[in-house]
Amino acid sequence: MSKIVSSKVEQLVLPIVEDLKLELVEVEYKKEGPNWFLRVYIDSDKGVDLDDCEKVSEKLSERLDEADPITEAYFLEVSSPGAERPLKKKADVEKAVGKGVYVTTYEPLDGEKAFEGMLSSFHNDELTIETKVKTRTVIKTIPYEKVANIRLSILF
């Protein structure tokens, strides 16, 4: 049910964020304890501020009231995805080249399922990540179809 609600809300919010020159990162509908939360994550190249979140929230609230796709009570939250945002689309991965990423795979590659390092390239549906192993740099190539999750990562 939560995927169906997320899909319906995505259709409602997409024109709003595009009109405001923002990017829709993710729509999440989930139950936490006794409460349901509808979370909409937005971003832009310059980042988002409270004013951006407020505009999207107000416009989306109106659309949700009109369309009424959710039967139970819920809390609406509109926010930035944060510094370690998920990379949901190939275009997100392409924009992340040169930045730190954390990648998990569906199956082990060379005995590992988690990789963290600098995304040095994304070409021909393959990610190239430079990871540190003690004092040396190791290059890992990961086919995009093997990626379970990928997000930005703050590297130290």
Review point. Are V103 and I139 grouped together when hydrophobic residues (ILVMFWY) are joined by side-chain heavy atoms under 4.5 angstrom apart?
Key: no

Check your understanding: Does the side chain of L127 come within less than 4.5 Å of Y144's, by heavy atoms?
Key -> yes

Counting only pairs under 3.5 Å, give me each side-chain donor-acceptor contact of residues 53-64, with atom names and distances, residues two or more places apart or in other chains.
| from | atom 1 | to | atom 2 | distance (Å) |
| --- | --- | --- | --- | --- |
| K55 | NZ | D51 | OD2 | 3.4 |
| S61 | OG | S57 | O | 2.9 |
| R63 | NH1 | L12 | O | 3.1 |

Review point. Donor-acceptor pair, N35 side chain versus E32 backbone, under 3.5 Å?
Key: no

Check your understanding: Would you call D49 and D52 a side-chain contact if the rule is heavy atoms closer than 4.5 Å?
Key -> yes

Review point. Got I42 and V25 here, is their nearest side-chain heavy-atom distance under 4.5 Å?
Key: no

Practice item. List for me each residue that meets salt bridge (charged side-chain N to carboxylate O under 4.0 Å, His left out) alongside E28, sequence neighbours excluded, and say none if there are none. Key: R39

Review point. Counting only heavy atoms not in K8, do more than 12 fall under 6.0 Å of its NZ?
Key: no

Point to revise | D68 CG: over 12 foreign heavy atoms closer than 6.0 Å | key: yes

Check your understanding: Is the closest side-chain heavy-atom distance between V147 and I142 below 4.5 Å?
Key -> yes

**Study point:** Nearest heavy-atom neighbours spanning G100 and L155
**Key:** CA-CD1, 3.5 Å

Point to revise | Near-ring test W36/Y29, centroid separation under 6.0 angstrom | key: yes

Check: residues 78-91 side-chain donor-acceptor pairs under 3.5 Å, at least two apart:
| from | atom 1 | to | atom 2 | distance (Å) |
| --- | --- | --- | --- | --- |
| S80 | OG | G82 | N | 3.1 |
| E84 | OE1 | R151 | NH1 | 3.2 |
| E84 | OE2 | I154 | N | 3.3 |
| R85 | NH1 | D43 | OD2 | 3.1 |
| R85 | NH2 | E23 | OE2 | 3.2 |
| K88 | NZ | E26 | OE2 | 3.2 |
| K90 | NZ | D125 | OD1 | 3.0 |
| K90 | NZ | D125 | OD2 | 3.0 |

Donor-acceptor pairs under 3.5 Å, side chain of residues 115-122 to any protein atom, not counting sequence neighbours: which ones?
| from | atom 1 | to | atom 2 | distance (Å) |
| --- | --- | --- | --- | --- |
| E116 | OE2 | S153 | OG | 2.2 |
| S120 | OG | T128 | O | 3.2 |
| S121 | OG | T128 | OG1 | 3.2 |

Review point. Which pairs with one or both residues in residues 39-70 pass ring pair (Phe, Tyr, Trp, His ring centres under 6.0 Å), sequence neighbours excluded?
Key: none

Practice item. Consider only side-chain heavy atoms of I, L, V, M, F, W and Y, link residues closer than 4.5 Å, and tell whether L152 and L22 are in one cluster. Key: no

Exercise for review: Would you check if V138 and K132 make a side-chain contact, meaning some heavy-atom pair closer than 4.5 Å?
Suggested key: no

Practice item. Mind jotting down which residue pairs meet the side chain to side chain donor-acceptor pair (under 3.5 Å) criterion with at least one end in residues 100-113? Sequence neighbours excluded, please. Key: E107-K146

